[in-house]
Protein chains: 2
Amino acid sequence: MDLGKNIRIKDIAKLAGVSVGTVDRVIHNRGRVSQEALKKVTSVMEQIDYKPNLIARTLGSNKNYRIAAIIPNPEQDPYWSQSNKGILQAQAEWTQYGINIDLHVFDLFNKESFITTVQEAIATKPDGIVVAPIFYHEALPVFDLLKTEQIPYVLFNTNIPEATPLSFIGQNLYQSGKVAAQLLHFGQENPGTFAVLHMDEDIQDSLHLVEKEKGFREYFSSNGKAKFEIMALNLNPSDSAFETQLNELVNNPNLKGIFVTTSKGSAVAASFLEKHSKKHIRLIGYDLLDENLKYLKTGTIDFLIHQNPKRQAFLGISHLVNHLMFKKSMPQQELFPLEVITEENLGSYLNSGLH
Amino acid sequence: MDLGKNIRIKDIAKLAGVSVGTVDRVIHNRGRVSQEALKKVTSVMEQIDYKPNLIARTLGSNKNYRIAAIIPNPEQDPYWSQSNKGILQAQAEWTQYGINIDLHVFDLFNKESFITTVQEAIATKPDGIVVAPIFYHEALPVFDLLKTEQIPYVLFNTNIPEATPLSFIGQNLYQSGKVAAQLLHFGQENPGTFAVLHMDEDIQDSLHLVEKEKGFREYFSSNGKAKFEIMALNLNPSDSAFETQLNELVNNPNLKGIFVTTSKGSAVAASFLEKHSKKHIRLIGYDLLDENLKYLKTGTIDFLIHQNPKRQAFLGISHLVNHLMFKKSMPQQELFPLEVITEENLGSYLNSGLH
DNA sequence: ATAATTCATGTGTTCGAAAACATGTAAGAA
DNA sequence: TTCTTACATGTTTTCGAACACATGAATTAT
C-alpha cells in the first residue's frame, strides 16, 4: 500500500497509456474523452486507489474564494457577538489561503432585514455562503434563490432541512431540553414544580424554544416523574407585567427549578432569585455570556448548556472552505455535543482553543 | 491590506532589489547573504507583513515525515484503545500529506518496557515523536536522549514539565477532581461521607490519581462543607481483600457518593452498587468506556468526566504535523475542557466528530 | 601572476495538479 | 476536393516556495 511514492496523475496516465490531460479530463468530468480512453483510465483508477495531492491541487488551481457570512447584528446580542468572533477567527485562519470572508449582518428583530441582507449577499456573487437563518419561514424562499444561483451554502445555529444545505452545524435542541431537565431533576426526592422560561423581546426564533421545551417535558413524562409539575412561561422583558410575573414565579413555594431557554434570560432570572434570596431554587440556562458567568460563579445559576456559537460559526466556514478549496466531502450535519458547564469546569472551557 | 494579491517571495525580491534566492536565504537563515542585502530584505519584510503560502511551501519542500506514536498496549485497556483510535484517525487524515505514523506500544504495567519502547522508537530516527509518558520518573532520562537527538516531541495524557516538550495535550486533573466534588455535592443538604476510590492493578500513574484527589478534597475544604467527611481508598481488584473492602464501603450508611479516579474503576463500583441496591449513592467516574456507558444508562453512574483520549492522541499528532510540515507554532500546552457527561447528553458526544 | 578557494548572488528545476494551449483526426458543408 | 467544425488527445505553463546549481567577484594560496 504505502510502498514508496504516492500515485500521481502522471502515473495513472502512463498505466492507462494516455496523457495527463486525458486523465485530468476524466477526473473532472470535463468531457472530450473517448469511450475507450475513459474506460482505460477509470479501470486504472479503480485498481489503484488514487488520492489526489490536495496540497498540489490547491496550489494548482490558484483560486481566490469569497465567502459571505450572514448573522444577526453582533451588537444587538452577546450571543451573536460570539458567533462573530468565530467568523473573525476563521478569517484569520483562512486568509492566507486566499479565502476572503465578507460579513453581512441583519437586524435581529426584523425579518425583512434578514431577507434583504441575504439578497445583498447573493448579489455580490460569493463562492459560498454561511448563514444563521434564524427566521425559519422567511428563509425558505431565499434558499431557492441560492439553489438557482448554484451557490453552495452552510447553515448554522438553526437548521432548515427543506433547504438541503451542504451542511448544518448546530445542536440537538430537543435533546438539550432533556439534559436541562435531567440536571434540574438530579437528586430531587420530593414533589415540586419546574418552570420553563422563554424570555425574549420577540419570539422570532421561537422554534428553538419550542424544541427545548419539548425535550424538557419529554424527560419528565417518563417513568416515576409524575410528582413533578411542569409549567411554561413566555415573558417579555419590555412588557409592563414582566417584573410582576417573574416575582410571582420565584415566590412560588413549590418551585424547585427554572430552565431558561434563551441565552440572555438566565442572567435576568438569576438576578430575581438573588434579590429574593431564593438561591436554592435551581437555575439552568444557555451559553457563556459574561452576565451568565457572573451568576454561575455566585452559584445562582447551577448549570449552563454551552451552544458554542463561536465554534459553530468557525466550523461552518471551515466546512465551506473544505468543500470549495479542498473538494472534501463534509458530513451533511454536525451536531455539537451538549456541553454542561459548571462553576468548576468553566475555566477549562474558557481557556481551551477551538480545534 | 488585502488589496488583491498576496505578497510572494518574488515581490519581496523585487522590492528589495535582490533575487528570490537571496530572499529565500534570508527567510531560512541559510547564510551566504551580505550585510547590505540582509538589511534591505529584512526591512522590506518588516514593512510588508509577509505570510508564506503554506500550501506552496509544503509542496515545494516535498518531504515525507515519519512520526512515532508511543502509547501503552491498547489491548490491555479500553482507555488506551481509544487513544489508539485517535492515532488511526490522525493517520487517515495525514497520510495523503506524506505523513507516516508508526505505532509503538509498551506494556501498561512494565516501566522497563516503556523505556525500551521509547528507545526503539528513537532508533528508527523519526522526525517527531508523540508519547503518553505514563511513567513519570522513568520517562525523564529518555527525554534527555530525545533532546540530544534533536527529535521534537509532543506529550499527551501525562505532563512532564521538566521534559519541556514542544507541546502538551491533556487535562487539568486537579480541577477535574473539583468538578467531581461539585457534582457529588450538588444539592446535598445533609451531612454524610464521600469516598474517593483509587482502583488499580498497579499505582503506576498514581500521580494522576493523587492530583484528582487533591482537587476533590480542596473543593470540600472550602466554606460551609465541614459537615461532609472525605475518605480515600486504594483498592486493587486482584487483591484478595478487594471484594470485602468494596462491600464494606457501599454498605456504609453515611455514604453519599463515590468518586472513582480511574476509568475502568467506575464500572466495577457501579456493579457493586447495583448488587446491593444502592443506586441512590451517587457515583462519578471517568471516560466513555463501554462498561461505563452501560451503567450511565441505567443511572447507577451519575456523571462521567470525559478525558477524551481519542482526541488527545489525534491532536498531539496534529500539533506535531503542524510543527514539522507547516512550521506553525503551537500552544505550549493545550488543556482540554472538563466535559461532564450525563445519560442525556451522552449521545451528542458519541455522534460528534473530532475536528 | 595564476590557480584555488570562498562567498554573495542569480538562475533553473522541482513538487503535483490545474488549466490554457496546441495538435491531430474524422465528419459534414461548400 | 477543400474548408469548416467538432472533438479527442497531447504539450506546456502556471501556482509559490524550496533547493540544487551556475556565475562571478573578491581573497587567499602557490
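We name chains A, B, ... by the order of the sequence lines, and we start the count at 1 in each one. Bear in mind the structure is a predicted one, so any value in this text is a computation, not a measurement.
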Item to complete: Considering just the side-chain nitrogens and oxygens of Ser34(A), establish if one lies under 4.0 Å of OP1 or OP2 belonging to dT9(D).
Response: yes

Worksheet entry | Separation of dG16(D) C1' from Tyr50(B) OH (nearest whole Å) | 8 Å

Worksheet entry | Length of the line joining Asn62(A):CG and dA17(D):P, which is rounded to integer Å | 10 Å

Worksheet item: How many Å lie between CZ on Phe326(A) and C1' on dA18(C), as a whole number?
Response: 15 Å

Worksheet item: Checking all strands, does Asp24(B) fall into the base, sugar-phosphate, or nothing category for heavy-atom contacts under 4.0 angstrom?
Response: base

Fill in: Phe326(A) six-ring face occupied by Arg57(A) cation (under 6.0 Å, within 45°)
no

Discussion item. Once you apply a heavy-atom cut-off of 4.0 Å, does Lys63(B) come out as touching a base, just sugar-phosphate, or nothing?
Written reply: sugar-phosphate

Item to complete: Using atom CD1 of Ile55(B) as one end and atom C1' of dA18(D) as the other, report the distance to the nearest whole Å.
Response: 15 Å

Worksheet item: Looking only at heavy atoms, which two atoms of Tyr65(A) and Leu324(A) are closest? And how far apart?
Response: OH-O, 3.2 Å

Worksheet item: From the list dA17(C), dT12(D), dG12(C), which nucleotide is the closest neighbour of the side chain of Asn53(A)?
Response: dA17(C)

Practice prompt. Look at all strands and tell whether Arg57(A) reaches a base, only sugar-phosphate, or nothing, counting heavy atoms closer than 4.0 Å.
Written response: sugar-phosphate

Worksheet entry | Between dT9(C) (P) and Arg30(B) (CZ): distance, integer Å | 16 Å

Worksheet item: Strictly by modelled atom types, are Asn6(B) and Tyr50(B) linked by a side-chain donor-acceptor pair under 3.5 Å?
Response: no

Worksheet item: Hey, is the side chain of Ser19(B) poking within less than 4.0 Å of OP1 or OP2 on dT11(C), counting only N and O atoms?
Response: no

Discussion item. Pick the closest DNA chain C nucleotide for Ala56(B) and for Glu36(B) by heavy atoms, then say which residue is nearer the 5' end.
Written reply: Glu36(B)

Practice prompt. Could you check how far CD1 of Ile9(A) sits from C1' of dC15(C), rounded to whole Å?
Written response: 13 Å

Worksheet entry | 5' precedence on DNA chain D between His28(B) and Val18(A) (nearest-nucleotide basis) | Val18(A)

Worksheet item: Do the side-chain N and O atoms of His319(A) and Ser167(A) include a donor-acceptor pair separated by under 3.5 angstrom?
Response: yes

Worksheet item: Does Lys147(B) NZ have over 12 foreign heavy atoms under 6.0 Å away?
Response: yes

Discussion item. For dG16(C) and Tyr97(B) - does any side-chain N or O of the residue sit under 4.0 Å from the phosphate oxygens OP1/OP2?
Written reply: no

Worksheet item: Does Arg25(B) make a side-chain donor-acceptor contact with the base of dG10(C), cut-off 3.5 Å?
Response: yes

Practice prompt. Could you tell me the separation between the CG atom of Leu59(B) and the C1' atom of dA18(D), rounded to a whole number of Å?
Written response: 10 Å

Worksheet item: Closer than 4.0 Å, any side-chain N/O of Arg8(A) to the OP1 or OP2 of dC15(C)?
Response: no

Discussion item. Between P on dA22(D) and CZ on Arg32(B), what's the gap in Å once rounded to a whole number?
Written reply: 15 Å

Worksheet item: Would you say a side-chain N or O of Thr22(A) is under 4.0 Å from OP1 or OP2 of dG10(D)?
Response: yes

